Structure formats: structure tokens, C-alpha cells
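Treat the numbers as computed from the prediction; the structure is a model and nothing was measured. Reminder, nothing fancy here: chain letters follow the sequence lines and each chain counts from 1.
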Number of protein chains: 2
Amino acid sequence: MNLQQGITHKGLNLLLKLEPNIPKDLRATGRRMTRTRQAVLALLQRTRQPVSANEIFDQLQEEKVAIDLVTVYRTMHVLKELGMVLQLDLHQEGLSRYELKEGREHHHHIRCQICGLIVDLLLCPLKKVTKLIEQQTQFIVDDHTLEFTGLCPQCQ
Amino acid sequence: MNLQQGITHKGLNLLLKLEPNIPKDLRATGRRMTRTRQAVLALLQRTRQPVSANEIFDQLQEEKVAIDLVTVYRTMHVLKELGMVLQLDLHQEGLSRYELKEGREHHHHIRCQICGLIVDLLLCPLKKVTKLIEQQTQFIVDDHTLEFTGLCPQCQ
DNA sequence: TCCTTGTTGCAAGTTCATTGCAAATACCAT
DNA sequence: ATGGTATTTGCAATGAACTTGCAACAAGGA
């Protein structure tokens, strides 16, 4: 019996239910919905924290999904281009993390210095500040990144 | 004539005048003030923008200061440990930048997406927000990073 | 000036990420 | 359902930033 094939077919149906619009987004740019992209998207959907390429790779390995780390990177590249995924570069982590946009609001993160737990922050206090900065610097502000670090309740 | 030696001796005197407290900081932790550390510190002092290890290396090469890139990294490590230098990891640059603390106030940066110009921001709007976040998340907030990106006046 | 110990340069190694290319595969047309 | 073709994948190699091991060097106190 071919385990991989089983996952392919079941995974496909499952995903099309969860995110029926995603294949369209891909096809609209001449791309294809593949077994590996299904697997990555499904993982992102059920993952709460922003994940790194290596974490995606490891997790899929555990789930017996055959995928190469290179493919993970390429998939993230595509999903970023399509605007389906946000890339985060948290302070001094030395790697990139990714999270599904999927209609979520603009938000920031706080990360525990001990255990690495990353929690979403609901507020963004920077709307007014942005105008001030544009006046001060004469820049046209396009984006901002904000991140807090500290100790999570468990690690205090 | 030995250009390097000339720079060494003159550089030494110049630096001791500019920053008489630095050799003490080093010696207090059993470290030594060396020709290369002099050169790196002098460069940081006269540089306005946060600089990367490679930029430090290249600049010193141009100035005919003999130094290895490895030594630049090790020097930045020491200066960080002594609290004399801040390490910045700006969004999606994929490298670290450094700036002298030297009594400067807490501040953030804005970076031009086109030319890479980095400008200091004088305000930090996050003091009040931090308390709110501590209430919301039950974290103890230790630090934050904030960075804006956009288009500088030249590149608009 | 000597001696100890911290520092440097060189080479090699790590880690995260990208690229080239042949083989595999999605999926549209038939 | 099948075949054709353009996209995607895996493997191996490469790149970029940074770190580590070690012998030679040099700072600075005795």
C-alpha cells in the first residue's frame, strides 16, 4: 500500500473544503495546487504560532508527508507573493517565521526569551505615530514592524 | 614606510582623547585595548548610520587598516557584552547592524526600501502600551523593537 | 625587557536560504 | 481517460552571514 498516495487524495479533498479559494489564487497566476502545497497550507492552518521553514519541514516529516526543505522555502516564497502568508523576522532569532494571513487583522507579537513562545498582540498603537514620523522625517511610511520580548507566565 | 604603524599610533592617541573611558571598561573585564578595537571604535564613532560587520570590514580595508572579518565579529561581540554597542536586526535585511550607545537615548529607526538610508526616530510611543500588553498577556515585558520602512525624501 | 594571558588571522565549520537541472507531476486540451 | 506541456519537485551544489579551533602574535603589568 502506498501511504503517500493515500494522503494525497484525502488531503486534497480535506483542503478544498477548508480553503476553496486557494486553488483559484494559485491558478490565477499560472500556478498549480500540488500535494506539497496542500500539506504546507494545511499545516499553517492548524498551527497557532508563526512557524519557521525548518519547523514546517520537521512537522511534515513526522506526519510522513514526503517533502524537501527546499520545497518548503519555495512554497513560502509563492505564498508570500500571493499575499497569503506573512513573513516575520523576529529580533535575534536569525531565521524567518511565517503565518497565514487569511483575513486576520494587522497585529504584532510578543516572544518569551526563555521558551520562545510567541503570542499575538491585538493592539497596534502606531497609526497616529506614523503621521508624526512622516512629518519629522519626510519619509513616506509604508510599513512597520513591532515586537516585544519578555517572560511568559510559565517562565517567570 | 609602514603605513599601518603610522595609523596605529596616531589612531591610538586620537581615540584616547575621544573616549578616555573605553580602555577602562575593557580592562575592568580583563580585556585589552588593541589596534583593531581602536579602529573599530573610531569607525563607529564617526559613522552616523548603523553599520554591518561587512561594512566595518570594507571601510577599514579602504583605510588600510589590517583587520580580519572574524575580528570584526568578535569585536562587536565584546562591545555588545560591555553594553557599549547596540545590535539591530532590521526587517528582512538578513544581517545585523551595530551602533554605539555612548549615552544616546532609547530610539528606533526608519529605513528607506529603495536606497537603504536609515534615520533615527526621536520618539518612542511604547511606554504606556507596554503596561497594557503586560496586563493583556501576563508577560513581563523586557524589551521591544520597532522599525518603520518607507521611502526617503530622495527616493520618492 | 620578559612573561602571561588575551587577541588575531587563517581555515574550516554551521546555519539559514537560494539556485541549476533533470525527473516527476498537475492539469488543460483532446 | 489520455497525452502534451509547462510547472513543480528533489537532489546537489552554492551563497551569505556568522562562529569556532588553533597556532602565532601582541598588550601591558612585573
Side-chain angles (χ1 to χ4, degrees), chain A residues 2 4-5 7-9 11-13 15-16 22-41 50-58 60-61 65-82 87-90 92-98, chain B residues 2 4-5 8-9 11-12 15-16 22-41 50-58 60-61 65-82 87-90 92-98:
Chain A
N2 188 334
Q4 228 166 277
Q5 220 172 44
I7 286 177
T8 301
H9 290 217
L12 183 78
N13 294 332
L15 248 182
L16 288 174
I22 282 177
K24 274 182 225 153
D25 292 352
L26 283 168
R27 250 171 261 147
T29 58
R31 296 174 213 271
R32 294 169 184 177
M33 176 51 71
T34 63
R35 188 182 58 76
T36 54
R37 286 180 182 165
Q38 297 278 357
V40 171
L41 278 165
V51 284
S52 67
N54 248 303
E55 286 169 355
I56 294 171
F57 176 71
D58 288 344
L60 292 180
Q61 293 278 85
V65 176
I67 190 171
D68 193 276
L69 182 56
V70 174
T71 303
V72 175
Y73 280 111
R74 285 195 272 231
T75 301
M76 300 327 288
H77 186 80
V78 169
L79 296 181
K80 257 195 309 175
E81 264 188 12
L82 294 178
Q87 178 176 353
L88 315 175
D89 302 287
L90 301 185
Q92 291 187 340
E93 275 212 312
L95 50 75
S96 289
R97 295 183 172 279
Y98 306 89
Chain B
N2 187 335
Q4 226 166 280
Q5 220 173 44
T8 301
H9 290 217
L12 184 78
L15 248 186
L16 289 174
I22 282 176
K24 273 182 227 154
D25 292 352
L26 284 169
R27 251 170 260 147
T29 57
R31 295 173 213 271
R32 293 168 185 177
M33 176 51 71
T34 63
R35 187 181 59 74
T36 53
R37 286 180 183 165
Q38 298 279 355
V40 171
L41 279 166
V51 283
S52 68
N54 247 304
E55 285 170 355
I56 294 172
F57 176 71
D58 288 344
L60 292 180
Q61 291 278 83
V65 176
I67 191 171
D68 193 276
L69 182 57
V70 174
T71 303
V72 175
Y73 279 111
R74 284 197 272 232
T75 301
M76 300 327 288
H77 186 82
V78 169
L79 296 180
K80 258 196 305 177
E81 263 189 13
L82 295 177
Q87 178 177 353
L88 316 175
D89 301 286
L90 301 185
Q92 291 187 340
E93 275 213 313
L95 49 74
S96 290
R97 295 184 172 279
Y98 306 89

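Closest to the side chain of A:R74, from the set C:dT19, D:dG21, D:dC18, is C:dT19. Minimum atom distance to the side chain of B:R37 is reached by C:dT7, of the listed C:dT7, C:dT8, D:dG10. With D:dT9, C:dC16, C:dT18 as the choices, the nucleotide that has an atom nearest any side-chain atom of A:V70 turns out to be C:dT18. Of the candidates C:dC16, D:dT9, D:dA26, D:dT9 carries the atom nearest the A:T71 side chain, counting heavy atoms from C-beta on. When distances run from any side-chain atom of B:Y73 to the nucleotides C:dT8, C:dT18, D:dC18, the shortest one goes to D:dC18. Taking only side-chain atoms of A:S96, from C-beta outward, the nucleotide of C:dA17, D:dA12, D:dA27 with the closest atom is C:dA17. The side chain of A:R32 has C:dA26 as its nearest neighbour among D:dG28, C:dA17, C:dA26. The side chain of B:L95 has D:dC18 as its nearest neighbour among D:dC18, D:dC11, C:dG9.
Side-chain contact between A:L26 and A:V78: present, with at least one pair of heavy atoms (C-beta onward) separated by less than 4.5 Å. Between A:L60 and A:T36, every side-chain heavy-atom pair lies at or beyond the 4.5 Å cut-off.
Between B:F57 atom CZ and C:dC10 atom C1' there is a gap of 12 Å when expressed in whole angstrom units. To the nearest angstrom, C1' of C:dC27 lies 13 Å from CG of A:L26. Per the geometry, CG belonging to B:L79 stands 11 Å off P belonging to C:dT7, to the nearest Å. Atom-to-atom, NZ of B:K24 to P of D:dA27 comes out at 21 Å; the value is rounded to the nearest Å. Rounded to whole Å, atom P of D:dA16 lies 19 Å from atom CG of B:D89. Spacing between atom CG of A:N54 and atom C1' of C:dT14 amounts to 13 Å, rounded to whole angstrom units. For the pair A:H77 NE2 and D:dT8 C1', the interatomic distance rounds to 14 Å; values are reported in whole Å. Between the CE atom of B:M33 and the C1' atom of C:dT7 there is a distance of 13 Å, rounded to whole Å.
Rounding to the nearest 0.5 angstrom, the gap separating the OH atom in B:Y98 from the OH atom in B:Y73 is 6.5 Å. Atom CG of residue B:L69 and atom CD of residue B:Q61 lie 9.0 Å apart, to the nearest 0.5 angstrom. Interatomic distance, CG of A:L82 versus NE2 of A:H77, reported as 10.0 Å (0.5 Å rounding). With rounding to the nearest 0.5 Å, the separation of CD in A:E93 from CG in B:D89 is 10.5 Å.
Side-chain N or O atoms of B:R35 include one that pairs as donor or acceptor with a backbone N or O of B:A66 at under 3.5 Å.
The residue among B:R31 and B:G94 whose nearest nucleotide of DNA chain D lies closer to the 5′ end is B:G94. Map A:V72 and A:G30 each onto its nearest nucleotide of DNA chain D; the residue landing nearer the 5' end is A:G30.
Between B:T34 and the phosphate of C:dG6, there is no side-chain N or O to OP1/OP2 separation shorter than 4.0 Å.
If you check the side chains of A:R32 and A:T34, you find no donor sitting under 3.5 Å from an acceptor.
Axis deviation across the helix from C:dT1-D:dA30 to C:dT30-D:dA1 amounts to 30°, comparing end segments of five pairs, rounded to 10 degrees.
Among the protein residues, A:I67 comes within range of the sugar-phosphate backbone only, with heavy atoms under 4.0 Å from sugar or phosphate atoms but none that close to a base.
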